[in-house]
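Since the structure comes first, as structure tokens, the remarks are kept for the end.
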There are 2 protein chains.
Amino acid sequence: MPSRHRSTAAPVDQVDLSAQLRARGYRLTPQRQLVLEAVQALEHGTPDEVAARVQERAAGVNISTVYRTLELLEELGLVRHSHLGHGAPIYHASTVPDHVHLVCRQCGSIQEVEPGAVDPLVSKLRHDRGFETDVGHLTVFGRCADCAGES
Amino acid sequence: MPSRHRSTAAPVDQVDLSAQLRARGYRLTPQRQLVLEAVQALEHGTPDEVAARVQERAAGVNISTVYRTLELLEELGLVRHSHLGHGAPIYHASTVPDHVHLVCRQCGSIQEVEPGAVDPLVSKLRHDRGFETDVGHLTVFGRCADCAGES
DNA sequence: GTTGGTGCAAAATGTTTGCACGGGG
DNA sequence: CCCCGTGCAAACATTTTGCACCAAC
């Protein structure tokens, strides 16, 4: 898997997306490329935010297409989503495997933490309860250093 | 104390509710008693489920009253809510202080875990990031022992 | 040419709000 | 008697769905 750069441009390149789609009988469309690219560029985005970003480039893309595409990309394993606060689903590219989200209640900032931080918890839950934790969806609420320091 | 029916958790009795309300200039109403009682009895319930339970006893109670009352009770510190999957907010009585929720992706079951299980994580986040974790809202997704064993 | 994908509009959910009436204090 | 709390309906926000047309292959 040719993974290299991970900022602004296209980490999972179009070739890869095309192949992933074809393998399952789906078609490659500009909309799908744009949505994937938007998710990757945003790092964390709600469907609305993804749609907004996509529409910067292609005005006609409908929000329902974004929803359908996000669902498809998730099925393909190219994006994942978690739930941060209220009901807002947050999508992020799965180029970076699993990570835990830290969400600040006060300023709304989102940080990522390496999964290793929760290994003790995961082990304990497995041992005590036989519970297999899905680390990728774990979201921790609280207050970030900046906000905790202020008040 | 007038605890009746099958609620396992010790209810915040009506006298207490009345006092809590009065102290802030709010009034005691049957609806508020019923909503609090429903939250306690359900252990974990969405607004819909709370409303359904309330309406078993008092048919006329409107869903919007349930929303307003849940908000009020949360303000009083008598109930808390977290977000489990999608956008469904789950309310629970705060008679049991803080606890972590384990949600099974497969069967939807909800378990509670004592906060001590996450102490190492909380310490680590505080130390590494200066992040103050809100343990009460922490929700861990994964598969419970039953479901993990089956597949 | 097929068939799947998209845009559009409407429907389905879930939650909030404005308003007038009735009950709690 | 005052005015908070409620029921009701409508407004809202978000996500899903039905359908006809268009584009990918």
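What you see is a predicted model; the values in this text were computed from it and never measured. Lettering follows sequence order; numbering is per chain, from 1. Computed over heavy atoms, backbone and side chain alike; hydrogens, waters and symmetry mates excluded.
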| task | Please tell me which of Ile63(B) and Thr29(B) maps to the more 5' nucleotide of DNA chain C, matching each residue to the nucleotide holding its nearest heavy atom. | result |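 Checking each residue's closest nucleotide, the 5'-ward one belongs to Ile63(B).
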| When you match Val66(A) and Arg27(A) each to their closest nucleotide on DNA chain C, which lands nearer the 5' end? |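 Its nucleotide being nearer the 5' end, the pick is Arg27(A).
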| message | Heavy atoms only, 4.0 Å cut-off, all strands: where does Arg68(A) land among base, sugar-phosphate and nothing? | response |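 The residue Arg68(A) makes base contact.
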| request: Under 4.0 Å between any heavy atoms, over every strand shown, what does Gly25(B) touch: base, sugar-phosphate, or nothing? Just pick one. | output: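 Since no nucleic acid heavy atom lies under 4.0 Å of Gly25(B), the category is nothing.
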From [atom1] of [X] over to [atom2] of [N], roughly how many Å is that when rounded to an integer?
X        : N       : atom1 : atom2 : value
Tyr26(B) : dC2(D)  : OH    : C1'   : 18 Å
His81(A) : dT14(D) : NE2   : P     : 16 Å
Leu21(B) : dG23(C) : CG    : C1'   : 15 Å
Leu28(B) : dT6(D)  : CG    : C1'   : 14 Å
Leu72(B) : dT16(C) : CG    : C1'   : 16 Å
Tyr91(B) : dT15(C) : OH    : C1'   : 10 Å
Tyr67(B) : dT13(C) : OH    : P     : 13 Å
Arg24(A) : dA24(D) : CZ    : P     : 22 Å

| Glu74(B) with Arg80(B): basic N within carboxylate O range, under 4.0 Å |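 Judged by the 4.0 Å cut-off on N to carboxylate O distance, Glu74(B) and Arg80(B) do not form a salt bridge.
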| field | Salt-bridge present (Arg24(A), Glu75(A); N to O < 4.0 Å) | value |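 Here Arg24(A) pairs with Glu75(A) in a salt bridge, since their nearest N and O are under 4.0 Å apart.
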Looking only at side-chain atoms of [X], point me to the closest of [options].
X        : options                  : answer
Asp48(A) : dT15(C), dT14(D), dG5(D) : dT14(D)
Arg32(B) : dT6(D), dT6(C), dG5(C)   : dT6(D)
Ser64(A) : dG5(C), dC8(D), dG7(C)   : dG7(C)
Arg22(A) : dT6(C), dC25(D), dG25(C) : dC25(D)
Asn62(B) : dG7(D), dT16(C), dT6(C)  : dG7(D)

| said: With a 4.0 Å cutoff (strictly under), does any side-chain N or O of Gln31(B) reach OP1 or OP2 of dG23(C)? | reply: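 Answer no for this pair, as no side-chain N or O of Gln31(B) is under 4.0 Å from OP1 or OP2.
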| Sub-6.0 Å ring centroid separation between His101(A) and His44(A) |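 Yes, ring centres under 6.0 Å apart.
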| request: Could you tell me if the ring centre of His81(B) sits under 6.0 Å from that of His137(B)? | output: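 For His81(B) and His137(B), the ring centres are under 6.0 Å apart.
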| query | Distance only, no hydrogens: is a donor on one side chain within 3.5 Å (strictly under) of an acceptor on the other, for Thr46(A) and Asp48(A)? | reply |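 Short answer, no.
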